[in-house]
Protein chains: 2
Amino acid sequence: MRVTMSDVAAAAGVNKATVSRVLRGDPRISSATGERVWSVIKALGYRPDAIARGLSSRSSDTIGVFFRDLSASWAGEFLAGFERVMSRNECECIVRATGGDPQQRRNAMFRLLSRRVDGLVWLDGPPEPDAEVPGVTVGMPSPSGVSVLVDIEAAASLLQGLAGRKEIEILQGERPFFPGLIKFLPGNRNKGDGTVKVFDGILPPGSGPVPGDFRVICTTRKSPAFFPGSWKLYWPAFELGTLSARVLLNTIRGRGVRPETVRLLPVLSGPS
Amino acid sequence: MRVTMSDVAAAAGVNKATVSRVLRGDPRISSATGERVWSVIKALGYRPDAIARGLSSRSSDTIGVFFRDLSASWAGEFLAGFERVMSRNECECIVRATGGDPQQRRNAMFRLLSRRVDGLVWLDGPPEPDAEVPGVTVGMPSPSGVSVLVDIEAAASLLQGLAGRKEIEILQGERPFFPGLIKFLPGNRNKGDGTVKVFDGILPPGSGPVPGDFRVICTTRKSPAFFPGSWKLYWPAFELGTLSARVLLNTIRGRGVRPETVRLLPVLSGPS
DNA sequence: TTGTACGCGTTATCAT
DNA sequence: ATGATAACGCGTACAA
């Protein structure tokens with residue numbers, strides 16, 4: 001049998017409630033009792049049971065994260081940032097891939113709700129209307145609630161500054177990192193000074209950059225391959241993770257989240 | 001207030017225990033009662049509480065996954081495979097990055113154990129000795145217990161077959177995908193027929209492939225960038241995920257896992 | 001400052 | 001085939 005709170009209470013000669021209070025750092029506990037209980041806790045190797053705690057406290061210190069596709073190249077980077085913040089706040093992260101299927105998505109949500117998750121992160125589309133818990137939408141505006149997104153217009157400005165009078169040509173893969181980027185870049189620029197080729201997303205084979213081109217690769221920071229001599233426009237996945245974690249924690253803990261929408265700047269990095 | 005099992009029982013005019021049995025598909029239940037209870041369940045929109053279930057059943061349908069670094073380019077791919085199998089088996093996945101720090105690792109483990117995880121996956125090193133629950137080690141041999149790994153010797157064979165009599169030159173990044181690959185490739189091959197350059201891992205800027213080289217990039221399937229004209233040696237992260245999920249489920253469910261070590265072949269893919 | 005006692009929502013063990 | 005009731009381990013008003 002595992003060592004339980006009653007065991008600790010018995011060994012310390014106090015009541016379960018006292019142990020509970022010591023554990024939760026209740027201020028109205030005598031330092032004598034506190035120390036005694038702590039020493040018993042350590043001696044017995046007692047570890048509180050999160051499940052039981054959840055049952056009576058009606059929450060779980062757990063949040064659920066919905067991806068469309070976990071194998072997307074930036075998914076891990078996002079999680080890295082998100083998990084870092086969450087673990088510092090004693091929260092566990094449950095990941096879910098929905099494949100964009102509405103039915104599967106709802107099922108997954110209900111399963112997570114039955115686990116009493118404290119919050120949900122939506123990276124695969126707008127939040128379900130009946131989510132019952134706080135949520136953050138990432139990468140796209142949310143009809144209701146908080147959303148964290150990348151400032152694509154700013155990305156366009158960066159590219160324009162880089163291009164100067166050159167023409168900007170955008171080659172867009174099937175899942176571009178900066179969807180809608182093209183809207184912010186008027187195509188009718190002066191030719192003649194050269195061309196800036198922007199590769200956005202995972203491009204089909206054969207469309208790779210040609211050496212000698214002046215080019216920008218839209219990518220993630222941790223791409224296993226890279227193109228020497230290319231500029232890079234980073235999709236700030238890690239920062240999206242840390243930021244949405246903080247925003248979610250704030251809304252869960254009731255601190256007002258002032259802006260309904262938070263924007264993050266992409267990073268343009270020169271060749272080296 | 002949420003709809004609870006007692007509510008259903010009351011509305012159906014039966015005992016909580018009966019509802020529980022209906023839910024768990026207990027065979028010794030009259031079809032009349034069964035249908036009545038089910039209809040009440042749907043009418044009331046009752047959803048069982050996983051936390052309460054966990055408390056009394058002493059398990060959680062949850063498994064924990066330890067990464068050293070979630071932002072590793074293959075982390076998402078691994079998770080994609082792993083989560084797919086787990087979700088089909090009604091299991092949730094909790095992810096954790098340990099950064100290779102032993103202390104943090106143990107803390108994380110204890111936190112997960114207090115959540116009554118049913119199993120653990122170790123991608124960041126050999127399993128902790130006192131894990132208390134079944135585990136699978138991925139990517140490296142485990143001193144004790146089951147491990148799933150990539151057959152690096154087979155990868156070497158693929159490369160040798162590809163190279164023929166050409167010299168194989170390995171450029172290894174700081175976190176190579178195929179650690180130890182070099183050991184299986186004797187360096188003293190005939191020169192003169194050309195060179196095969198193998199790029200393994202995330203290479204520092206400047207060490208990228210030169211066009212015209214005959215080259216192989218060790219990478220993941222979902223790299224956002226790629227080199228046209230290069231061969232690719234895939235680190236089969238997705239397959240590692242599905243396989244280790246199945247292996248873990250089997251050991252959790254007590255089905256004997258025959259081989260203590262399972263090996264997975266990498267995939268060599270031509271340029272296109 | 002500490003103890004009592006009940007509630008949280010299920011599962012499991014006896015009865016019937 | 002079903003009901004009554006005791007766990008499960010902890011939080012928390014309320015009482016002392």
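The structure presented is a predicted model; accordingly, all values stated were derived computationally and were not measured. In what follows, every chain begins at residue 1, and chains take the letters A, B, ... in the order their sequences are listed.
A:Arg246 and A:Asn89 share no side-chain donor-acceptor pair at under 3.5 Å. Of the N and O atoms on the side chains of A:Thr62 and B:Arg115, at least one donor lies less than 3.5 Å from an acceptor on the other residue. Between the side chains of A:Thr220 and A:Glu77, a donor-acceptor pair is found at a separation under 3.5 Å.
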Legend entry - Under 4.0 Å protein heavy-atom contact, by nucleotide of nucleotides 7-12 of chain D - B base, S sugar-phosphate only: -BBBSB
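Across A:Asn15 and A:Ala9, no two heavy atoms sit closer than the pair C-CB, 3.7 Å. Contact record, A:Gly54 with B:Ile51: C-CG2, 4.0 Å, taken as the closest heavy-atom pair.
The environment of CZ in A:Arg36 is crowded: more than 12 heavy-atom neighbours from other residues, nucleotides or ligands sit within 6.0 Å.
Cation-pi geometry between B:Arg221 and B:Tyr234 is satisfied (NZ or CZ under 6.0 Å from the ring centre, within 45° of the ring normal).
A heavy-atom distance below 4.0 Å to DNA chain C is reached by these residues of residues 26-39 of chain A, ordered by number: A:Arg28, A:Ile29, A:Ser30, A:Thr33.
In this structure, A:Arg47 pairs ionically with B:Glu132, as a charged nitrogen and a carboxylate oxygen lie closer than 4.0 Å. The pair A:Arg106-A:Asp130 meets the salt-bridge criterion, since a charged nitrogen lies less than 4.0 angstrom from a carboxylate oxygen.
The distance from the CH2 atom of A:Trp122 to the OG atom of A:Ser147 is 14.0 Å, given to the nearest 0.5 Å.
Counting any heavy atom pair closer than 4.0 Å across all strands shown, A:Val14 reaches sugar-phosphate atoms only and no base atom.
One axis for each end of the helix from C:dT1-D:dA16 to C:dT16-D:dA1, each built from five base pairs, and the angle between them comes to 40° at 10° resolution.
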